[in-house]
Structures are given as C-alpha cells and as structure tokens.
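Here the structure comes first, spelled out in structure tokens, and everything after it is commentary.
Order of the sequence lines sets the chain letters (A, B, ...), proteins ahead of strands, with each chain counted from 1. On a predicted model such as this, the values are computed, not experimentally measured, just so you know.
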Amino acid sequence: MAMFVSKYLPMSFDRIREKLNILADAAKYDVSCSSSGGNRKNENKGLGNSHASGICHTYTEDGRCVSLLKILLTNHCIYDCLFCVSRKSNDVKRAAFTVDEVVELTMNFYRRNYIEGLFLSSGIFKNADFTMERLLLVCKKLRLEQKYNGYIHLKTIPGASDDLIKEAGLYADRMSINLEMPTEAGLKLLAPEKNHADVIKPLDFVQQNIVQFAADKKLIKHVPKFVPAGQSTQMVIGATPESDKEIMYTANAFYKNFSLKRVYYSGYVPISNDNRMPVLGTQPPLLRENRLYQTDWLMRFYGFKVQEILNDANPNLDIDIDPKLSWAIRNMQHFPVDINQADYKMILRIPGIGVMSAQKIVQARKFGKLRIDQLKKIGVAYNRARHFIRCADSPYQLKDYQGTQIKAFILAESQSKYLKTDNNQLILF
Amino acid sequence: MIYIFDGSLPGLLTAVFEWFERKPGPVNLMLTTVFQPDAFTEGFTVITNAEKADRVWAGLQKRLKKDWLRKFYCTYLSEIPDAYQHLFQFTIYIFQSAPGAQSNYGNDHVMALAKYAKSVEREKHRMEAFIRFQKTGDGMFYAAIDPDFNVLPLISNHFKNRYADQQWIIYDLKRKYGLYYDLQTVEEITVDFSADVNQKNPATILMDEKEELYAVLWKDYFKSANIVARKNTKLHIKHVPKRYWKYLTEKQPG
Ligand code: SF4
C-alpha cells in the first residue's frame, strides 16, 4: 500500500518528486481552481467534505488561490495544440502517475489540510477512452475504497464515450472541458485537429444528465449525486485576436446554454515561438483578464446584460477604468440615483457600491434617510459613488457634470493609488 | 458610571440585566483585570449570575435570528474591550427598540457588531484554510495556532466534520487550550508542554516517518503551481498576510 518508505526507498521518493514537479507544472495553466459549489457531506465517517463556498488553502506567489491539488495524470499527448505545453511536438520531460500514486497523494495532502481536493486532468494518451478510464479509476478508488468525500474536479476528455463520462459524473463534484479559444476561428488557427463541437457535445451531455438527475431526485429520494458543483470551462485570452465583445458573448452563450457555473479567462502566457502566437517573453495580459472577470461578475451578480457593457460601439473594455464605471459614464441619464428611494437593482449599478453595501442600504434606509457618514460606514466607496448619488445631506450641486469630466475626476483621485498598487500591470499598456 | 465584569459572556449578559434593574444612564464596561478604582468614578461590580444571563440571552433569542446571534457571539470572541462595550449597548438598544432594529446599519452599535463579527469570521475562515496538520508517530494530526481572536469554538465543527476518520489536536498557544478529537467527540484540553518540546513543531523524533516527505512534496507543489510570468507579490501578501506564514508548511525554508 505504502507508496514509498523513506529510509528504504529513497529512489522512489525522488521519482515521485520529479513526477509531481512535471505534472503539476503542466497543469498550472488551467486557471480554474475553485472548490466551490460542492455539497458532499462526510456521512460515512470517512475523510472530507465540501462547502458551497470552498476554501483557498494558500495562494501562489502570483496571487492565485490554491485549493486543489491540480495535476495531470500524464503529460504524454497524441495531439499538438499550439497553445499547450504538453503538445506532442514540444520538447519537454514526460511523466505519468499511476492511479495509486494520485490516490495516495490526494489522501495525504488532504489529511494535513493542505487542500480541498483534487483537480485531475490529463494529456490524451493512446485515445480518449483509455485516458478517461484511468481518470475514472482514480475517482472510484478515492470514493469507494478510501471513503474520500473531498472535492473532485475532473476534466472531461473530449471524444470519450458517453458511458464513461456518465459514470465519472457520479463521483466528480465538478467537471470541466475547455473551449480554449473564444472563437472557432481562433481554435482552428492554433489547433487544427480540434473544434468547438467536440467540446459542446460532452458539455451538453453532462448538462442533460445534471437536469435529469435533479428531476429524478424530486420523485425518488435516493438518487445519487451527479456533478453537484456543475460544469465550467476556460478560454485563453490574447493568444488569438478576438475582441472583448467576442469573448464575452461566447461566455454569455455558454452560461445560458449549458448552465455553466463558471467561465475562466486565462491570459496567455507565451510558451511557444511559433509565429502564429505572441512571442516568448511577451507579458501575459493580466489587466485585460481582470477586466473580463469584472464583466463576468457584472453579468452574474449585478444584473447587467452583456450587450449593455459590450456592443458594436464598444467592442473592447476600457483599460483605465472598470466596466461598471465605464457603463455609468456612458449612461449618465440614469444618474444621480437617490439612495433613499431607488430600487435595489439600480443601487447595485452605482459605481462604488457593491452587493453587500447595496443590501445594507435597502435595510438601513427603512429606519430613516441615510446620510453620507452612514454610507461610508456601510462600506460605500464614497469618493467614487458621490458623483452618481443623492442622499439626505448631499451637497447642493450647481451644475451637472458630463460623464467625461467625472471620469477625469475619478482618475485624478485614484491615479496615485492605482499606480502604486497595479504598477507592474500598468506598464504593460 | 462604570460596570466591572469578569470578561465572560454570562458576565456581560448579567451586566445588561443589572442595567435594566437600575437604569443608571450611560455606563462604561470594564474588565475586572484592568479596572483601577479611583475616587471620581462610581464603580459597580457585576456578579456573574447564570440565571440572569440566561434571561437576557433568551430575550435576545426572541428578538434576533440566528445570523445576528452569531454576530453577537463572534463579536464577543474578538476579546476586544471596545467590542464588549458595543455588545452591551447593542443589547440595550435591541431591547428598547421595535423588532427588526438590528437592520439599522445607520446605528453605531449595529455597525460595530457587523464589523467585529466580520473580522472574527475572516480569521475563522483563515484558520480553516491555513492550519496545517503534522502527523505524529502515534498517528495524531497536530496543529498549533495563535490567532488574534478566540476562534477555536468557531472552527471545531468544521474540523470534526471534515476529519472524522483521523485523531487531531488544534492547540491555541496564546490562550493555552486546545481541541482534541478522539474519533468520537471534540473535547477541550490543556497540555503541559515539558520545557524541551517545541510546541509549534513537536520535535522531529515524534513525527511520523513520512511527515517530512509529504511536507517536501507539498512545498514542491506550491513552487510548481506558481507562474513566474504572472508574479504579483502584493496580491499574494494581501491574501496571505505575513503573520500567517509561520503556519504554512509551504512557506517554511527548504
Ligand atoms: S489535447 Fe490537451 S493536453 Fe493534448 S496538446 Fe491539446 S490541449 Fe494539450
């Protein structure tokens, strides 16, 4: 059972170390790391459970959450996708874990509270089914032999048979399959052997099963869980020339059509000197990636339609200001908003007011008209919000400022702070 | 007027009870341990009384839903003197107002509780994230912490539910007590560490033989997961403030 015994088998320890280094390194470009949406309880007195909100156990030095042991089963691959470090033609060291090694690592990391669970992906070796079978085996061993109830995020291998995918869904909390490039044209450019249809088919199949299991659960009590944390996907940003509008319209369509829990945007980190790609050493577009995430949040939590933020007149997001402020400045006819009167939806659209503050405002104003000092205490970023609101003691304003003037005020106020905090990102543009 | 109380939760609730008995006007709460009598202010010593405390708590339970009772408790666990004062006045405010007064975020005490509770919940969450167990030779998983707030009572269930099939100890070095799970229940314990034991890192001879190996693998993993081209130290430190690094296996040298 023991994977290695230190004193007697130092060789095998070194080998495991090497494998982990290779296979974690190859997996890290998949940015999704969320362990959220799970609801598995530890009912069999085994190990682990999962929370709706998930836990980040640490953060990498680039500031990303680490909640899962994110590894490939192997980085051997029969494909040659240009944007991928594991592509067949790339000259890198190859390695493959055994099924037991992955199980052992997961259990031991989990027991020490290093991780929330396992994120298992793989290069495609031999064929899709052969790969999917091994991934499935890891899940089954963890769940059935080890009584492990921690989080499992499993990659769906495109082209794997429906039976295997469906069985995997019984053990995984989340499944994902990456669109890779935001448009079919972009994908064709860098991975001629691939197409979006191969991604859509399994996404759709899993989604249909999620719906089916949920419907059965209403009728019959003991229906097993099926991908309880839902599906997600990832798009690589900046490797191909899509506009922000194209990216977010694709994201929007996938949220709608497949009820995705998350779409991830991964700024392309150059790993190839092929002339179809940004050259090696180009900085990844981190600020742009950040603006896309902000847009994603506005769509999911702030009631914005994607068309309000990105359209033919505005096909790309502003780099100097966030998309919420940008929308407000383009739509000054909606402002100023009376904090003590406006409905929740409109308050949510005010720059400088987040979901928590908006909720507090609508509760607190029942007790009397809110003043500036109260808004500040509630957590409103008043310096930003003041251009867009009226409250009980708002100073009388002689003239209406134009959106562009307000933008200038806000930028002037926040510029110094902005430059300090985002220094390394700003230089890029 | 000064009310002197013993710092316990029942003590604080008793203080509220006594206030309603006497209605002495504005009152400052003070801990027995810090109160120094002087000739100018009148002091009243609150004698903690379980019955009186229970009545006040029952009254709060009638007026507040679970979420606010939790905020109340979390604020208490912050162990901050100002927080005790706000709890005291918040309770009086709730009893003197129409139902629903806790939603009045324009009120100082409501806002203060919301803030204290948020900090305490944040640290609770951080402990659930940053605690690292080390496996000892006898199969016990051990972690030592010294949190800003008294969060052990808040994290107990999380670890009990999650690590149901392993024995564990989480020890608060600052408050000198810990939680011990024996595969059935969680108990509070105190440990007399003999002088030669390093409490944070019970000496390596006590460790499971594979402990060091997994620590090395985890450190390796942490390094591999980083994307150098995306380095962002500011963001990193914002998420993992330096004072927590001492807990983290991946932040130890080697
Ligand atoms: S199939 Fe997957 S692992 Fe293989 S080269 Fe393409 S993206 Fe990389």
Top of [options] for chain B proximity - count of heavy-atom pairs under 4.5 angstrom:
| options | value |
| --- | --- |
| A/V66, A/I378, A/I22, A/L23 | A/I378 |
| A/R17, A/R111, A/H51 | A/R111 |
| A/V269, A/L47, A/N44, A/L20 | A/L47 |
| A/N108, A/L370, A/I115, A/I361 | A/N108 |
| A/G48, A/G267, A/A26 | A/G48 |

Inset, instruction - Report the residues that fulfil salt bridge (charged side-chain N to carboxylate O under 4.0 Å, His left out) with B/D108, sequence neighbours left out, ordered by chain and then residue number. - result: A/K377
Of the backbone (N, CA, C, O) and the side chain (C-beta and beyond), which part of [X] lies under 4.5 Å from a heavy atom of chain B, both, or neither?
| X | result |
| --- | --- |
| A/Q359 | neither |
| A/F109 | side chain |
| A/L69 | both |
| A/Q374 | side chain |

Legend entry - Any pair counted as salt bridge (Lys or Arg N to Asp or Glu O under 4.0 Å), so long as it reaches residues 64-75 of chain A, sequence neighbours left out: A/D62-A/R64
Inset, instruction - Determine yes or no for a side-chain-to-main-chain donor-acceptor pair under 3.5 angstrom, with A/D173 supplying the side chain and A/I152 the backbone. - result: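 Between the backbone of A/I152 and the side chain of A/D173 there is a qualifying donor-acceptor contact (under 3.5 Å).
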Inset, instruction - Please answer whether the main-chain N or O of B/K115 pairs with a side-chain N or O of B/S119 as donor and acceptor at a distance below 3.5 Å. - result: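 Between the backbone of B/K115 and the side chain of B/S119 there is a qualifying donor-acceptor contact (under 3.5 Å).
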Out of [options], return the one with the most heavy atom pairs under 4.5 angstrom to chain A.
| options | result |
| --- | --- |
| B/F133, B/W168, B/F130, B/W218 | B/W218 |
| B/N226, B/T249, B/L235, B/I131 | B/N226 |
| B/K238, B/H239, B/H158, B/Q166 | B/H239 |

Look at [X] together with [Y] and state whether they make a salt bridge at an N to O cut-off of under 4.0 Å.
| X | Y | result |
| --- | --- | --- |
| A/E18 | A/K93 | yes |
| A/R371 | A/D373 | yes |
| B/R230 | A/E289 | yes |
| B/D146 | B/R243 | no |

Go through the atoms of [X] and report whether side chain, backbone, both or neither lie under 4.5 Å from a heavy atom of chain A.
| X | answer |
| --- | --- |
| B/F159 | side chain |
| B/V216 | side chain |
| B/A143 | neither |
| B/K251 | side chain |
| B/E128 | both |

Legend entry - Test item: side-chain donor near acceptor, B/R162 and A/N49, under 3.5 Å: yes
Legend entry - Worked verdict on B/F90 versus B/W68 for ring-ring contact (aromatic ring centres under 6.0 Å, His included): CA-CA 11 Å; B/F90 172 84; B/W68 270 96; 5.5 Å; yes
Inset, instruction - Please round to the nearest 0.5 Å and tell me the distance separating atom OH of B/Y221 and atom CG of A/N21. - result: 11.5 Å
